[in-house]
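Take a look at the structure set out below.
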2 protein chains.
Amino acid sequence: MTVIATTLMAKTVLEQLGSGALPDWHRVESAIRVKRLRTGDRLFRADDQHPYVYFVHQGIIKLVYETADGKEWIKAFAEEGRFFASLTALEPGGRTSFSACAACDAAVEQLPYQVLLALAETHPTWQKVLRRSFEIYGFRKETREKELLLLSAEERYRRFIEERGALSARLADKDIASYIRVTPVALSRIKKRQPSV
Amino acid sequence: MTVIATTLMAKTVLEQLGSGALPDWHRVESAIRVKRLRTGDRLFRADDQHPYVYFVHQGIIKLVYETADGKEWIKAFAEEGRFFASLTALEPGGRTSFSACAACDAAVEQLPYQVLLALAETHPTWQKVLRRSFEIYGFRKETREKELLLLSAEERYRRFIEERGALSARLADKDIASYIRVTPVALSRIKKRQPSV
DNA sequence: CATGGAAATTAACCCGGGTTAACGACACGG
DNA sequence: CCGTGTCGTTAACCCGGGTTAATTTCCATG
């Protein structure tokens with residue numbers, strides 16, 4: 001069945017992080033809920049209390065900051081096989097700082113963070129899985145910070161196309177613009193500058 | 001002695017992260033080396049192989065990205081009581097992506113990451129300490145990303161002064177400018193705009 | 001096939017911050 | 001006491017990207 005396939009997929013990814021079999025996996029499995037999303041559907045909104053971790057089974061999820069004056073800037077894209085969550089929402093009593101929205105039809109698995117925390121308290125293997133997850137997350141955010149600090153808008157665009165070609169081909173230009181942190185108008189100008197690609 | 005005091009300080013911080021006593025602490029203690037720095041001294045440079053974790057005992061360390069054309073943009077400041085490291089350099093075979101430089105006379109404790117990894121493999125408590133550390137690191141980077149994506153240069157400056165007043169009072173304006181990601185000239189203009197503060 | 005709506009493009013204008021350069025304020029060493 | 005260097009400020013000019021708005025392309029739906 002579909003459900004079994006999806007949880008197995010998440011399991012495989014997690015086992016790599018912990019470098020071995022995961023004790024009490026059934027606890028995770030029974031806590032997972034699969035959510036199907038249509039393009040534009042929201043998984044959660046900024047400022048929700050929402051201590052869940054997600055795994056993308058299919059599609060692309062946009063993680064979006066929304067400003068007071070109605071603008072949206074995309075923090076990250078989560079594709080198939082990737083986990084995501086709002087770190088601030090995982091802290092006790094914390095709230096999300098961004099929204100999650102389907103960039104195309106998608107299916108995700110939702111898991112209460114509490115389940116992972118409980119497993120981590122009793123199993124070193126699970127503690128290690130969490131440690132590695134956060135390590136990788138920090139690694140990604142560090143890269144993003146570096147790009148925002150050092151690169152011009154045009155360089156950010158070129159690099160995004162270069163390094164995430166498969167992803168960018170599936171996205172609307174306006175979403176790429178929002179991730180690059182320029183307006184769609186500016187992106188259109190940037191693209192025109194170098195017609196040789 | 002000074003050395004004992006410093007390692008005790010790091011111990012206290014780590015025990016909070018692990019929420020309890022740390023087994024085999026003596027292994028950490030015997031691996032720690034204290035480094036004293038004069039203003040402008042570098043702890044490591046971008047692209048070094050340097051799998052160490054640092055704890056700031058005294059002073060302020062600037063973490064700096066250096067561009068090909070000789071410009072410097074400050075990624076973060078590490079003050080007293082804070083840990084820092086280059087995540088990319090902690091991965092096996094990895095290298096640092098930025099430099100660390102003393103913003104004023106400083107003293108830091110240096111610990112090979114290998115020691116922490118080994119402790120984490122044998123003690124769940126240490127695994128948890130690492131997990132919490134990376135969690136907090138991710139949390140910080142998320143905040144920084146949000147500021148860079150959503151705020152104007154002026155807003156970034158105001159917020160920095162507001163939220164890190166004690167730190168900013170100890171820094172040269174040019175370093176604040178570099179962190180805010182504007183030139184010193186631009187910062188001077190920004191400061192002039194609102195003379196009421 | 002016609003039509004409404006979103007996305008992408010293009011043009012015109014504006015503005016914040018980069019760049020360069022000149023200048024004053026200090027600190028430091030000789 | 002006078003150089004020398006660094007830092008902060010100010011001015012003048014430039015440019016990339018924001019803003020607004022008009023136009024086109026492309027679907028999706030009736």
Side-chain angles (χ1 to χ4, degrees), chain A residues 38-42 60 62 64-74 77 101-105 147-161 167-197, chain B residues 38-42 60 62 64-74 77 101-105 147-161 167-197:
Chain A
R38 302 274 293 280
T39 306
D41 285 355
R42 306 215 165 217
I60 303 168
K62 300 187 282 189
V64 182
Y65 286 121
E66 294 165 310
T67 67
D69 55 337
K71 289 179 185 155
E72 299 193 340
W73 296 111
I74 295 178
F77 296 104
C101 170
C104 56
D105 291 354
E147 287 177 0
L148 288 171
L149 279 177
L150 301 187
L151 302 183
S152 68
E154 177 158 353
E155 288 166 330
R156 292 199 298 275
Y157 174 67
R158 305 269 175 235
R159 182 167 299 196
F160 183 69
I161 297 299
L167 171 65
S168 66
R170 301 167 67 192
L171 294 169
D173 276 3
K174 77 186 170 76
D175 284 339
I176 296 178
S178 176
Y179 179 79
I180 296 306
R181 228 251 91 135
V182 295
T183 59
V185 178
L187 176 57
S188 198
R189 285 191 290 236
I190 288 172
K191 287 202 296 183
K192 205 171 63 169
R193 270 179 221 158
Q194 190 177 340
S196 63
V197 179
Chain B
R38 302 275 293 278
T39 305
D41 286 353
R42 306 214 167 221
I60 303 169
K62 300 187 282 188
V64 182
Y65 286 122
E66 293 166 309
T67 67
D69 55 338
K71 288 179 187 155
E72 299 192 341
W73 296 111
I74 295 178
F77 296 105
C101 169
C104 56
D105 291 354
E147 286 177 0
L148 289 171
L149 280 176
L150 301 186
L151 302 183
S152 68
E154 176 159 353
E155 288 166 329
R156 292 200 297 276
Y157 173 68
R158 306 270 174 232
R159 181 167 299 196
F160 184 68
I161 298 299
L167 171 64
S168 66
R170 301 167 67 192
L171 295 169
D173 276 4
K174 77 184 170 76
D175 283 340
I176 296 178
S178 176
Y179 178 78
I180 296 305
R181 228 251 91 137
V182 295
T183 60
V185 178
L187 176 57
S188 199
R189 284 190 290 236
I190 287 171
K191 286 201 297 182
K192 206 171 62 168
R193 270 180 220 157
Q194 190 176 341
S196 62
V197 181

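None of the values given here were measured: they were computed from a predicted structure. All chains are named by letter (A, B, ...) in the order of the sequence lines, taking the proteins before the strands, and each is independently numbered beginning at 1.
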What heavy-atom pair brings [X] and [Y] nearest, and what distance separates the two atoms?
| X | Y | answer |
| --- | --- | --- |
| A:I190 | A:R158 | O-NH2, 3.4 Å |
| A:S178 | A:E72 | OG-O, 3.1 Å |
| B:T67 | B:W73 | CG2-CD1, 4.1 Å |
| B:L167 | B:F160 | CD2-CZ, 4.1 Å |

Please confirm whether the backbone N or O of A:T39 pairs with a side-chain atom of A:D105, one donor and one acceptor, at under 3.5 Å?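 Side chain of A:D105 to backbone of A:T39: a pair is present.
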
Taking A:D41 for the side chain and A:R38 for the main chain, is one N or O donor matched with an acceptor at less than 3.5 Å?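 Side chain of A:D41 to backbone of A:R38, a donor-acceptor pair under 3.5 Å: yes, one is there.
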
Looking at [atom1] of [X] and [atom2] of [Y], how far apart are the two atoms once the value is rounded to the nearest 0.5 Å?
| X | Y | atom1 | atom2 | answer |
| --- | --- | --- | --- | --- |
| A:E66 | B:L150 | CD | CG | 10.5 Å |
| B:S168 | B:I180 | OG | CD1 | 9.5 Å |
| A:R159 | A:L151 | CZ | CG | 4.5 Å |
| A:S188 | A:K174 | OG | NZ | 15.0 Å |

Per the end-axis method with five pairs at each terminus, what is the bend angle of the helix from C:dC1-D:dG30 to C:dG30-D:dC1, to 10°?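 Inter-axis angle at the termini of the helix from C:dC1-D:dG30 to C:dG30-D:dC1: 30°.
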
Between protein and nucleotides 14-17 of chain C, what N or O pairs are separated by less than 3.5 Å?
unit_1: C:dG17; atom_1: OP2; unit_2: B:R193; atom_2: NH2; d: 2.9

Without decimals, in angstroms, what is the distance between A:L149 CG and C:dG18 P? 13 Å

Close N/O contacts between protein and nucleotides 7-9 of chain C (under 3.5 Å):
unit_1: C:dA8; atom_1: OP1; unit_2: A:D173; atom_2: N; d: 2.8
unit_1: C:dA8; atom_1: OP2; unit_2: A:K174; atom_2: N; d: 3.0
unit_1: C:dT9; atom_1: OP1; unit_2: A:K191; atom_2: NZ; d: 3.3
unit_1: C:dT9; atom_1: OP2; unit_2: A:S188; atom_2: OG; d: 3.1
unit_1: C:dT9; atom_1: OP2; unit_2: A:K191; atom_2: NZ; d: 3.4
unit_1: C:dT9; atom_1: O5'; unit_2: A:S188; atom_2: OG; d: 3.1

